[in-house]
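All values reported here derive from a predicted model rather than from experimental measurement. Along the sequence shown, the residues carry numbers beginning at 1.
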Amino acid sequence: MTTVSPSLEVERKTPFWKKLGRVPWTWRITIGYLTVMLFIPIIAMFLKASTEPPARFWAIATSDIALATYNVTFVTAIFAALLNGVFGTLIAWVLVRYDFPLKRLIDATVDLPFALPTSVAGLTLATVYSDNGWIGSLLAPLGIKVAFTRTGVAVAMIFISLPFIVRTVQPVLQEMEHEIEEASWCLGASQWQTFWKVILPPLFPTILTGVALGFSRAVGEYGSTVIISSNTPYQDLIAPVLIFQRLEQYDYSGATVIGIVLLSISLVLLLAINFLQAWARRYDSR
């Protein structure tokens, strides 16, 4: 026969509302803020989408144009995030490990996509990468067209998501001890071996975090991509633009269905990235 301690028995008999009264104010404020700013809007969006019959919901979510926009949006966003994962880590490495003229200016410039309005970013990129632009005019003779193509969408996503990777990796690099690298060199390891076996393992979860943040930002981008792309269905039309087009046609439930699919796919991919982060941390701790 098991005995229950008096304190546990009292806790069981305490009404729920009294237990709730003992919750710290920090928890109450956090839960309240998340409820108002995050949970309620998401629930409202799901309720709006649920007004469509299941067959109609499936038809909208899997229509040819919707599937094409998912492909453009997610595949391009993943490509942009992975590319920034490589070059963003390299930029963070240079900013942390080297001193050079105008370093502070370049370091501040990395944050420019944070402050720059996305429409201005799209206009700037469209001007630079057009056939008559500074970079586009150099690529045009090679048969490479960037502006108003899917490539332009990728450029816009790379531009707006780059700071997330740099600013995520940079603090971790600053805290890494140089003595570990020097010990690796003293034991005969090359610079590449030191980076691959000593520096990258503890840095990998941080890089994944930056890639996840960059991917999330790229998937939700609208202002810059709508200007630098031609918004042609089945070519470079992205899901956020399709949602806006549905709203212009007063198809609110249809726009909500596309938004729900976008939200669900993004959530699954982010959970997968978080799983990889947790696995990398467990592997590193062994």
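- With hydrogens and angles disregarded, a donor-acceptor distance shorter than 3.5 Å links the side chain of Thr73 to the backbone of Ala239.
- Residue pairs satisfying the salt bridge (Lys or Arg N to Asp or Glu O under 4.0 Å) criterion with at least one member in residues 228-243, sequence neighbours excluded, are absent.
- Pairs engaging residues 220-241 under the ring-ring contact (aromatic ring centres under 6.0 Å, His included) rule: Tyr222-Phe244 [sequence neighbours left out].
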Anything under 3.5 Å between a donor and an acceptor, one on a side chain of residues 256-272, the other on a protein residue two or more places apart or in another chain? List them.
unit_1 : atom_1 : unit_2 : atom_2 : d
Thr256 : OG1    : Tyr252 : O      : 2.7
Ser264 : OG     : Ile260 : O      : 2.8
Ser266 : OG     : Leu262 : O      : 2.8

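- Residue Leu142 shares its hydrophobic cluster (ILVMFWY side chains chained together at separations under 4.5 Å) with Leu116, Val120, Leu125, Val128, Tyr129, Ile135, Leu139, Ile144, Val146, Val155, Phe159, Ile160, Ile228.
- Looking at residues two or more places apart in sequence or on another chain, you find a side chain to side chain donor-acceptor pair (under 3.5 Å) between Glu52 and Ser253.
- With Ser130 contributing its side chain and Gly133 its backbone, the two residues share a donor-acceptor pair below 3.5 Å.
- Under the rule for a salt bridge (charged side-chain N to carboxylate O under 4.0 Å, His left out), the partners of Lys103 that lie at least two apart in sequence or sit in another chain are Asp99.
- Every residue was checked against the side chain to side chain donor-acceptor pair (under 3.5 Å) condition with Thr89, not counting sequence neighbours, and none meets it.
- Shown here are the salt bridge (charged side-chain N to carboxylate O under 4.0 Å, His left out) partners of Arg246, two or more places apart in sequence or in another chain: Asp251.
- Remark: Thr69 pairs with no residue by the side chain to side chain donor-acceptor pair (under 3.5 Å) rule, at least two apart or across chains.
- Remark: Ile31 engages Trp27, Thr35 in a side-chain contact (heavy atoms from CB on, under 4.5 Å) (not counting sequence neighbours).
- Listed by first and then second residue, the side chain to side chain donor-acceptor pair (under 3.5 Å) pairs involving residues 139-164 are Thr76-Arg150, Asn84-Ser161, Asp131-Lys145 (not counting sequence neighbours).
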message: For a side chain to side chain contact (heavy atoms under 4.5 Å, CB included) check, start with the C-alpha distance between Leu95 and Phe100, then their side-chain angles and the critical distance, and finish with the verdict.
response: CA-CA 9 Å; Leu95 292 175; Phe100 50 89; 4.0 Å; yes
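- Between the side chain of Gln245 and the main chain of Glu248, no donor-acceptor pair closer than 3.5 Å is present.
- For Arg167, the side chain to side chain donor-acceptor pair (under 3.5 Å) partners are Asp107, Asp111, Gln170, not counting sequence neighbours.
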